[in-house]
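One structure is given below, encoded as structure tokens.
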Amino acid sequence: MFILQCPKCKNTMKYQNKDIYISKKKKKCVYCNFSISVNKAIIKKI
């Protein structure tokens, strides 16, 4: 599980994935619906 931060609205959200490779994964922000790259938005691993 990871903590991600949206570059547009600066809100943080949790992200959990069972795949090992997250470099090409994308996620939409739950607050502003902005699509972000998971690899670039990681703040911390839980």
Side-chain angles (χ1 to χ4, degrees):
M1 182 171 293
F2 298 100
I3 299 289
L4 306 178
Q5 183 178 22
C6 177
K8 186 175 180 183
C9 66
K10 306 294 185 203
N11 286 314
T12 58
M13 63 200 108
K14 292 181 181 177
Y15 177 75
Q16 183 175 8
N17 194 358
K18 295 180 181 177
D19 293 337
I20 297 170
Y21 303 105
I22 58 167
S23 61
K24 294 183 180 180
K25 300 287 182 180
K26 296 218 177 238
K27 174 162 177 41
K28 286 197 173 192
C29 178
V30 294
Y31 301 101
C32 68
N33 209 18
F34 184 72
S35 182
I36 56 175
S37 174
V38 171
N39 195 27
K40 295 179 182 177
I42 293 176
I43 296 176
K44 173 174 32 170
K45 183 178 180 180
I46 300 176

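Numbers here are sequence positions counted from 1. This is a predicted model, so every value here is computed, not measured.
- The CD1 atom of I22 lies 4.0 Å from the CZ atom of F2; values are rounded to the nearest 0.5 Å.
- Taking SG of C29 as the start and CD of Q5 as the end, the distance is 10.0 Å to the nearest 0.5 Å.
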Compile the donor-acceptor pairs under 3.5 Å between side chains in residues 31-46 and protein atoms, sequence neighbours left out, one pair per line.
none

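- Annotation: salt bridge (charged side-chain N to carboxylate O under 4.0 Å, His left out) contacts involving residues 11-21, sequence neighbours excluded, comprise D19-K25.
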